[in-house]
Amino acid sequence: MLRRFYGGLHLNDEKGATHRLASVRLDPPPEQVVLPLRMHACAPCSPCVSKGDRVQVGQVVATPIDCGTPIHASVSGTVAAIEPRACASGEADLSVVIQNDCNDTRVPALPRLPFYEELMPDEIVRRVEEAGVVGMDNGLPACGSIRSALGRADTLIINAAECEPYLTADHRLMLESPEAVLTGIRILMRALGLNRAFLGVQGNKTSAISVLHSLLPLRGSDITIKILPVRYPQGAQRQLVQRLTGRLVAPNEQPIDAGCAVFHVAAAAAIQAAVVEGRALTERIVTVAGDGVARPGNFLVPIGTPAVHLLECAGGLTKKTARLLFGGPMTGAAQLDLNAPVMKHTCAVLALTDAKLAPQRAPSACIRCGKCASVCPMRLLPLHLHQLAQAGRYDALSGYHLADCMECGACAYLCPARIPLTQSIRESKARIQAAGKEAGEHGG
Amino acid sequence: MAGKKRKKIVPETWRSLPLTAAPAPHAVSGVTTRVMMGDVLIALVPALAVSTYFFGPRAIALAVVSMAAAVAFELISRLAMRRESTVDDLTALVTGLLLAMCLPVTAPYWVAVVGAGFSIVVVKQLYGGLGKNFLNPALAGRIFLFSYPVVMNLFVAPGVDRWVDWLGSGADAISSATPMASLAQRVLPLELSLRQMLLGHRGGSMGEVAAFALVLGGAYLMLRGVIRPRIPLCYLATVAALTYLLPFDNDALQWMLYHLLSGGLMLGALFMATDPVTSPVTPVGQVLYGIGCGGLTVFLRYFGAYPESVGFAILTMNACVWLLERVCKPRRYGTPLLPPLHKKAAAKAGNEGGDTHGG
């Protein structure tokens with residue numbers, strides 16, 4: 001029980017359709033890319049180009065206002081418009097729309113820096129910031145993560161778990177660019193002043209593990225590959241830290257407060273591209289999968305490609321497709337407008353038919369089977385959280401640690417009564433937050 | 001996908017797709033309440049089969065009557081309360097079968113119907129239906145049937161040549177002692193070997209006789225994830241420990257084994273105490289619940305008025321579940337069991353000399 005994380009469930013990983021398919025470029029390339037200014041989990045960037053400007057790949061089109069990183073053009077062409085466009089959030093966000101001229105002209109890259117070992121940490125952070133690198137699973141700027149970890153981290157953990165079903169983007173990245181991944185990890189070690197790093201990979205990525213092992217010395221390696229059990233949600237930060245180091249990061253703290261700096265493996269590769277090759281973050285590997293897709297695969301996609309173009313390159317959708325997701329089936333966001341663009345942290349576009357989806361039926365009565373409690377990685381009691389919310393007792397929810405929930409969806413997945421537990425928790429959180437705001441306004 | 005033509009949706013026509021939006025998670029496991037209840041029914045089949053082998057087709061007939069009555073009462077009571085029917089989640093069938101398992105095979109059919117009526121209507125539906133009752137319906141029905149002591153206490157000896165007549169009231173069967181009656185006198189029922197106890201060749205209610213069949217059923221449920229081993233293990237371990245330690249001048253090991261195999265203990269520990277609605281949800285709560293059930297069972301068996309006490313023990317613990325759940329909540333994630341020593345010392349040092357920086 002030591003060092004394993006609590007709860008968790010074993011999901012059918014559904015990666016068989018795509019984990020052997022090498023990532024390919026989009027053919028034909030997208031006609032337009034849509035770059036939403038609200039790309040990162042910060043205030044929206046402000047555009048620094050205007051309609052009609054010619055841009056090249058890697059050119060800055062939007063600069064951050066107070067925190068965040070720049071957004072770069074992912075294709076060369078002309079800025080067609082700066083207007084609200086449908087986005088993955090479901091709303092129309094102000095975006096820079098670039099008409100692709102398919103020439104793929106790039107800005108001259110920053111000078112190559114192959115000797116990253118001699119760089120100072122702030123130089124590394126500056127390059128990472130200028131290249132627009134984010135944590136590729138959550139949209140937070142990587143420069144901010146590195147800065148907050150400076151001097152406080154004693155362990156570097158690279159998250160290559162990819163625990164959600166269907167997703168194979170990180171697996172392909174490790175198979176196709178293993179040296180870039182390892183170099184990126186070493187750059188992070190240099191920036192944080194550490195000489196050891198752990199790369200956590202789930203055991204179902206055997207080919208990637210063997211490729212990485214072949215590039216590392218047998219003994220005394222600076223990067224240790226740790227094989228993780230195939231349990232969901234092993235890739236969640238707290239669970240990863242608990243599994244690899246045994247440390248429990250309290251719910252109101254971040255992993256860095258426990259001395260662990262956690263970075264995503266695709267972010268490490270992007271950091272290598274930024275620091276060594278001077279390339280900005282303009283493309284990423286996206287898995288297109290699900291039983292609604294005609295030809296599932298992994299694609300190397302320019303940021304901002306509309307989902308409809310991506311799906312067309314994957315052979316189109318079947319008529320029975322009932323849901324389109326950005327992300328995995330456990331935490332992904334359903335999309336109704338297929339013009340929504342791929343963002344920097346979009347790891348998959350999934351098309352699912354009704355056979356694979358939760359049925360849209362009224363839930364039956366809770367039989368208190370306790371499966372939700374036994375599966376919760378944060379040791380919560382979702383059945384009580386739901387019951388109290390149903391009874392309107394929102395005041396009692398803090399006693400059951402409602403705020404600790406990371407909305408992984410494991411409880412709702414298992415519930416035999418098909419109660420939407422995760423959604424109930426989300427609604428309770430929103431209600432409590434709204435009530436807190438109101439109380440603050442009235443009292444203050 | 002050779003031979004399977006998929007109609008492609010080209011970009012212009014994607015708006016014709018029946019896309020739905022719902023909050024995450026979008027995937028769901030295939031196990032529903034109905035599947036779990038189906039598993040419980042399957043797990044009880046071996047015990048019912050052994051009972052039929054020893055007591056005749058009346059066992060099946062009684063089980064069928066009980067299940068049918070339970071379903072009928074559920075339909076009628078839901079109708080009377082103007083709520084939608086919940087019969088297809090199979091929980092009424094399970095209650096009916098479990099109640100039948102607690103009856104002696106000679107019980108008249110009306111006893112099964114009355115018991116099923118009490119279980120479903122009073123214990124379950126009047127408290128709010130599935131998930132809202134605080135007592136195990138089948139056990140509460142069985143205890144209610146203590147109101148009819150004569151018909152409920154007619155136990156017969158098992159035997160393929162002595163099957164109880166399945167038509168008629170069963171009142172003319174020849175009664176015989178059960179091992180539980182011997183144990184209540186603090187004497188080992190040595191006329192029955194342990195092997196006979198295990199295989200079911202002894203008197204008792206329909207569901208109690210075949211310990212091995214019940215264990216098979218319990219193992220099936222654990223494999224399927226319908227029940228967890230915590231409660232049965234704690235329950236049986238407590239009974240084993242207490243009976244081993246207090247054998248009343250009998251051989252301790254034999255006393256313990258006879259106690260474990262006789263009466264409704266196996267049925268209670270594997271099927272009744274593990275009823276999800278009336279048992280705690282938290283791990284520590286479940287352990288305490290199992291220990292409590294075991295302790296009460298042994299106490300009542302030794303000092304109580306009735307020879308069999310599993311039902312009373314479990315129902316009493318059912319009434320305590322609300323307290324167990326409130327007291328035994330899991331520790332918050334990240335909270336250690338004891339504060340780590342070095343943090344305590346650092347806090348002390350910080351308190352003593354902490355005017356240099358704000359901490």
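Each chain gets a letter, A, B and so on, in the order the sequences are listed, and its residues count up from 1.
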Exercise for review: Pick one of side chain, backbone, both or neither for L383(A), based on which atoms fall under 4.5 Å of a heavy atom in chain B.
Suggested key: side chain
Practice item. Please flag which part of H309(A) lies under 4.5 Å from any non-hydrogen atom of chain B: side chain, backbone, both or neither. Key: neither
Review point. Of the listed residues (P329(A), A258(A), A365(A), C376(A)), which shares the most heavy-atom pairs with chain B below a 4.5 Å separation?
Key: P329(A)
Check your understanding: With only heavy atoms counted, which part of R323(A) is less than 4.5 Å from chain B, the side chain, the backbone, both or neither?
Key -> both
**Study point:** Smallest separation among heavy atoms of C369(A) and M36(B), with atom names
**Key:** CB-CE, 4.1 Å
Point to revise | E325(B) vs L381(A), side-chain contact (heavy atoms from CB on, under 4.5 Å): CA-CA, chis, key distance, verdict | key: CA-CA 10 Å; E325(B) 289 214 328; L381(A) 298 170; over 6 Å; no
Revision key, fill the gap. P359(A) and V28(B) have their tightest heavy-atom pair at CD-CG1, 3.9 Å
Exercise for review: Please assess L324(A) against L17(B) for the test side-chain contact (heavy atoms from CB on, under 4.5 Å), listing each intermediate value before the final yes or no.
Suggested key: CA-CA 10 Å; L324(A) 234 214; L17(B) 282 173; over 6 Å; no
Practice item. Quick one: do Q242(A) and Y333(B) satisfy side-chain contact (heavy atoms from CB on, under 4.5 Å)? Show the steps, please. Key: CA-CA 11 Å; Q242(A) 185 177 355; Y333(B) 184 95; 2.9 Å; yes
Exercise for review: Could you check which of L130(B), I227(B), T91(B) has the highest count of heavy-atom pairs closer than 4.5 Å to chain A?
Suggested key: L130(B)
Check your understanding: If you look at every heavy atom in P280(B) and R368(A), which pair is closest and at what distance?
Key -> CA-NH2, 4.1 Å
Exercise for review: With a 4.5 angstrom heavy-atom cut-off, could you sort out which part of Q335(A) is near chain B: side chain, backbone, both or neither?
Suggested key: backbone
Review point. Can you name the nearest heavy-atom pair linking A24(B) to G332(A), along with the distance?
Key: CB-O, 3.6 Å
Point to revise | Toward chain B, the part of A417(A) with a non-hydrogen atom under 4.5 Å | key: both
Practice item. First locate atom NE2 of H26(B), then atom OG1 of T331(A), and finally report the distance between them rounded to the nearest 0.5 Å. Key: 8.0 Å
Study note, to complete from the structure: Max heavy-atom pairs within cutoff under 4.5 Å with chain B, candidates D337(A), L421(A), L380(A), N12(A), goes to D337(A)
Check your understanding: If you count heavy-atom pairs under 4.5 Å with chain A, which of V281(B), T274(B), T335(B) comes out on top?
Key -> V281(B)
Review point. Contact part of C411(A) toward chain B, heavy-atom cut-off under 4.5 Å: side chain, backbone, both or neither?
Key: neither
Revision key, fill the gap. Looking only at L352(A), N339(A), L248(A), the option with the highest number of non-hydrogen pairs under 4.5 Å against chain B is L248(A)
Review point. Side chains of V31(B) and K371(A): closer than 4.5 Å at any heavy-atom pair?
Key: yes
Review point. Chain B heavy atoms under 4.5 Å from D354(A): which part of the residue, side chain, backbone, both or neither?
Key: neither
Check your understanding: In terms of heavy-atom contacts, does CZ of R228(B) have more than 12 from other residues, nucleotides or ligands at under 6.0 Å?
Key -> no
